[in-house]
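These notes are about the structure you will find just below.
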Amino acid sequence: MSIRVIERIRAMQAWADEVRREGKRIGLVPTMGCLHEGHLSLIRLARERTDGVVVSIFVNPTQFGPGEDFEKYPRTFERDQELVEQAGGEVIFTPNVEEMYPPGFCTAVQVDKLTEGLCGASRPGHFRGVTTVVAKLLCAVKPHVAVFGQKDFQQAVVIRRMVRDLNLNVEIVIAPIVREADGLAISSRNAYLSPSERRVARVLFQSLEKARERVRAGEREASGIISAMKAEIEAKPMARIDYIEMVDAETIEPATRVEGRVLVALAVWIGKTRLIDNVVLEKK
Ligand code: PAF
């Protein structure tokens, strides 16, 4: 059976109502397309937990800042369609910009505090765009479960908080990061890297591994761990650090020591491409 492609919100809601009437559970994997193994792992996880998986493909203009890569963001619909089908998705929901943001649209969902640091500081307005579009996708698809990747850890935590604060009836699942053989986290933006940049990009994972090793060896101070990571990355002339930070994994507030669950997160420019990655470390 070939996959169903739905472009209109009303049609998406009608499908969801029908599936819910049959007593089946719906999974949602929100994406901006250009699917890769990371997305496919989210689809498979959603399949395990539900009866039918909807993959949304929408390059959301409101989460891109001026001068960011909205225009050049890769759009590969036909290939994406094949991949969703192979991974066992049932529906692709792919509205256009006018459908999602019709003339006169003037509502936004804003999560405060959790969006102030890390990518929120480097990309003002980004999370407001993300939470607004995800809220709309949840209203369109009416899923029981929505799956997000840990690579965008702050995004997942922000969405979880939005769901909690607005009492939305959906479970948010965070799936592990999928990596290339050399450790680079799989991302649609890896496609922008030249072969030499691609070789340098593995330094992100190497520096996170360095943090993990230091914590394993007993180091607790964020300053020492972050300095070691910075030195590793700064040794690569093609790499420019946007941020490297240790924060509490629930509140995203700066952490000075590894205590409880902390997130070590980084954003690094490799040439003109900004890549992010992270690791969660835990010490009781
Ligand atoms: O992570 C992404 O690809 C996007 O931020 C999302 C969640 C699909 C919202 O546009």
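Being a predicted model, the structure only gives us computed values, none of them experimental. Atoms within each ligand, like the ligands themselves, are counted from 1 in listed order.
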Cation-pi, F93 ring and R10 (6.0 angstrom, 45 degrees):
no
Look only at interatomic distance and state if T31 has a nitrogen or oxygen under 3.5 Å from any nitrogen or oxygen of ligand 1.
no
Given E116 and K113, is the salt bridge (Lys or Arg N to Asp or Glu O under 4.0 Å) satisfied, shown in steps?
CA-CA 5 Å; E116 282 166 13; K113 289 200 178 112; over 6 Å; no
With heavy-atom distances below 4.0 Å as the criterion, list the atoms of ligand 1 near V133.
9 (C), 10 (O)
Is there a salt bridge (Lys or Arg N to Asp or Glu O under 4.0 Å) between R123 and D242? Walk through the geometry before answering.
CA-CA 11 Å; R123 305 181 68 190; D242 177 0; over 6 Å; no
Determine whether the side chains of Y101 and N60 contain a donor N or O and an acceptor N or O closer than 3.5 Å.
yes
Number the atoms of ligand 1 from 1 as they appear, then name those within less than 4.0 Å of a heavy atom of P30, with their elements.
8 (C)
Hey, are N278 and Q150 close enough side-chain-wise for a donor-acceptor pair under 3.5 Å?
yes
Under 4.0 Å from one or more heavy atoms of Q155, ligand 1 contributes atoms 1 (O), 2 (C), 4 (C), 5 (O), 7 (C)
In terms of atom number and element, which parts of ligand 1 are under 4.0 angstrom from non-hydrogen atoms of Q63?
4 (C), 5 (O), 9 (C), 10 (O)
Could you tell me whether E221 and R257 have a side-chain N and a carboxylate O separated by less than 4.0 Å?
yes
Mind checking whether N60 has an N or O less than 3.5 Å away from an N or O of ligand 1?
no
Atom 3 (O) of ligand 1 [closest protein heavy-atom partner, distance rounded to 0.1 Å]:
M32 CG, 3.7 Å
